[in-house]
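In each ligand, atom 1 is the first atom listed, and ligand 1 is the first ligand listed.
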Amino acid sequence: MAVRAEAIEREPIAADLPSHVDIVIVGSGFAGLAAAIALATEGREFVVLEKASDLGGTWRDNSYPGCECDVPSHLYSFSFAPNPDWTQAFSPREEIYDYLKRTARDAGILPRIRFDAEVRSARWDAGEQRWQLETARGPLSANILISGTGGLSEPAIPNIPGLESFAGTTFHSATWRHDHDLTGKRVAVIGTGASAIQFVPHVQSAAAHMTLFQRTAPWVLPRRDRSISRLERWIYRHIPGAQRVARSAIYWSRETWIVGFAMKPDIMRFVEKQALRFLHKQVPDPVLRKKLRPHYRLGCKRVLMSNTYYPALTQPNVHVETDPIVEVLPEAIVTADAEGNRVEHPVDTIIFGTGFHVTDPPVAERVWGRDGRTLREHWSSTSMSALHGIAIAGFPNLFFLVGPNTGLGHTSIVLMIEAQVRYLVDGLRQMKRHGVGEIEPRLDVQDLYNARLQKDLQKTVWNAGGCASWYLDERGRNTTLWPTFTFMFRKELHRFDPANYEARPPHHERSHASQLRGVNA
Ligand SMILES: Cc1cc2nc3c(=O)[nH]c(=O)nc-3n(C[C@H](O)[C@H](O)[C@H](O)COP(=O)(O)OP(=O)(O)OC[C@H]3O[C@@H](n4cnc5c(N)ncnc54)[C@H](O)[C@@H]3O)c2cc1C
């Protein structure tokens with residue numbers, strides 16, 4: 001049975017922030033919640049700061065029609081909070097959103113979350129050996145700062161000349177305007193990524209006309225979704241281990257994708273054949289089919305799965321435009337072909353399915369490290385990088401969840417989040433046990449780690465597949481994806497590795513030697 005979105009009990013909005021707390025977690029999506037639940041279990045003192053007035057991150061914000069996960073829910077969920085009640089193999093957004101709220105409530109962490117508390121800046125105070133934060137609800141300091149601000153959290157809107165002059169309605173898929181009725185409208189959809197493919201069929205059926213502006217055709221495979229029967233759900237609820245077996249089966253079948261993505265991208269040619277057969281079957285018109293045929297190795301951009309996307313594009317009220325957009329006028333979008341011939345497409349509404357700020361996360365401008373420079377400044381001379389995607393030299397006591405090179409092209413990010421949280425909890429335990437005041441990774445270790453990652457990424461389909469994607473930054477470096485199996489990541493983060501860190505004693509104990517085993521003070 002689908003669970004309805006529940007109203008969330010929360011602390012009164014006027015509740016003050018403490019002036020100091022041991023640990024601050026920023027964000028209340030999958031990552032922030034996983035950290036909060038683990039720290040609550042450890043009995044640690046912490047507060048979660050969330051800029052919105054509800055928890056859920058991605059699954060709170062993305063309410064567009066058709067929004068659902070693209071990794072099966074039995075795997076795209078916490079290992080410690082299995083949900084026997086998923087109704088679909090790939091759950092709709094409402095179920096995931098409810099799941100997150102329920103999990104937070106059951107773990108008793110709602111009173112620890114401060115909503116409407118956007119973190120505007122965080123500065124390392126070397127004198128006090130703590131983070132000084134400015135938030136929308138006032139200042140506070142913390143010994144440890146954990147960022148769970150999300151990789152796909154800040155909508156990216158392209159900088160198109162004239163956009164500000166547009167007289168109609170514009171919005172991004174992550175800030176869907178449910179008050180804007182598309183019925184009878186001429187709608188422009190810009191973008192053909194993972195979100196667009198889900199909402200395009202809904203827009204097509206509501207709008208009078210839809211123009212899809214496509215820069216690059218995505219590879220699309222059949223979506224093998226199915227309802228989960230009552231009997232199955234009963235089994236998951238009542239037979240111990242049944243759901244764990246289902247989760248394991250999905251886990252291992254997804255891990256095999258790495259062979260094609262990262263080890264032998266040429267194998268993807270066989271999958272391309274299947275995708276092309278699917279395209280041929282669903283799109284009879286050869287002219288349209290030609291526009292929709294991708295020209296890069298499958299997997300280079302996120303592989304999309306939909307049974308309704310292509311059929312929607314074959315409808316008479318749809319035009320797929322492949323010439324680039326050059327300008328927006330008050331009532332039209334203008335494209336130009338290779339010869340510079342301009343075409344005006346009259347539209348009333350523009351919907352951006354243009355993704356997120358991934359390789360330039362806004363949080364990087366809000367965090368100032370030991371030398372008084374922001375993360376953005378640190379990364380400006382190289383690229384986004386960290387040790388294990390979690391800790392950064394020059395930024396003591398800062399832990400990033402879903403940081404650089406922890407994204408995945410093949411399976412559930414929750415696996416990476418849980419591995420990072422385990423590692424982090426172990427690190428905090430060790431710090432406490434040894435009375436350490438601050439730690440940060442050794443730069444030489446961090447650099448070696450990233451050199452190895454970049455080398456491993458060279459041969460992957462994401463780097464060598466012949467496409468431009470949001471996995472790569474402006475230098476062409478892949479700073480987003482983990483290059484191999486997720487069990488390798490888990491193995492590497494099995495234990496916090498103090499030898500890779502510099503540790504300093506608390507200021508008031510500076511005369512004592514550093515306490516972490518194997519570490520130079
Ligand atoms: C439509 C969509 C579908 C997806 N489907 C899948 C899928 O099937 N499988 C998969 O593995 N991944 C999927 N993803 C990726 C998804 O983002 C992650 O799986 C996961 O939800 C990320 O969790 P998170 O906690 O790291 O970030 P988020 O869920 O983005 O949460 C970040 C939180 O931090 C808050 N925040 C940000 N900045 C601040 C600040 N300065 N101060 C205070 N709070 C702040 C935000 O408000 C938000 O609540 C999908 C993403 C999208 C957009």
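Within the 4.0 Å heavy-atom cutoff, T411 counts among the residues contacting ligand 1. No heavy atom of F90 sits closer than 4.0 Å to any atom of ligand 1. The shortest heavy-atom distance from D70 to ligand 1 is under 4.0 Å. Residue contacts with ligand 1: R366 is included, with a non-hydrogen atom under 4.0 Å away.
Taking a cut-off of under 4.0 Å to the non-hydrogen atoms of R60, the atoms of ligand 1 that pass are 46 (C), 47 (O), 48 (C), 49 (O). Under a 4.0 Å criterion applied to the non-hydrogen atoms of L49, ligand 1 contributes the atoms 43 (C), 44 (N). Under a 4.0 Å criterion applied to the non-hydrogen atoms of G148, ligand 1 contributes the atoms 32 (C), 33 (C), 34 (O). Close contacts between ligand 1 and C69 involve ligand atoms 8 (O) [criterion: under 4.0 Å to a heavy atom].
Around atom CG of D179, more than 12 heavy atoms belonging to other residues, nucleotides or ligands sit under 6.0 Å away. Residue-environment remark: CZ (R370) exceeds the threshold of 12 foreign heavy atoms within 6.0 Å.
The ring of F356 has its center no closer than 6.0 angstrom to the ring center of W470.
At under 3.5 Å, not a single nitrogen or oxygen of F356, backbone or side chain, sits near a nitrogen or oxygen of ligand 1. Looking at E68 next to ligand 1, no N or O pair under 3.5 Å apart turns up.
Classified by interplanar angle (parallel below 30°, tilted 30° to 60°, perpendicular above 60°), the ring pair F400/W379 is tilted.
The parts of T149 lying near ligand 1 are both backbone and side chain, judged by heavy-atom distances below 4.0 Å. With a 4.0 Å heavy-atom cut-off, ligand 1 is reached by the side chain of Y76 but not by its N, CA, C or O.
Here atom 29 (O) of ligand 1 lies nearest to T58 when heavy atoms of T58, V26, L401 are compared.
Each of T58, D54, N62, D61 was scored for a side-chain hydrogen bond (donor to acceptor under 3.5 Å, both in side chains) with Y97, with one residue passing: D54.
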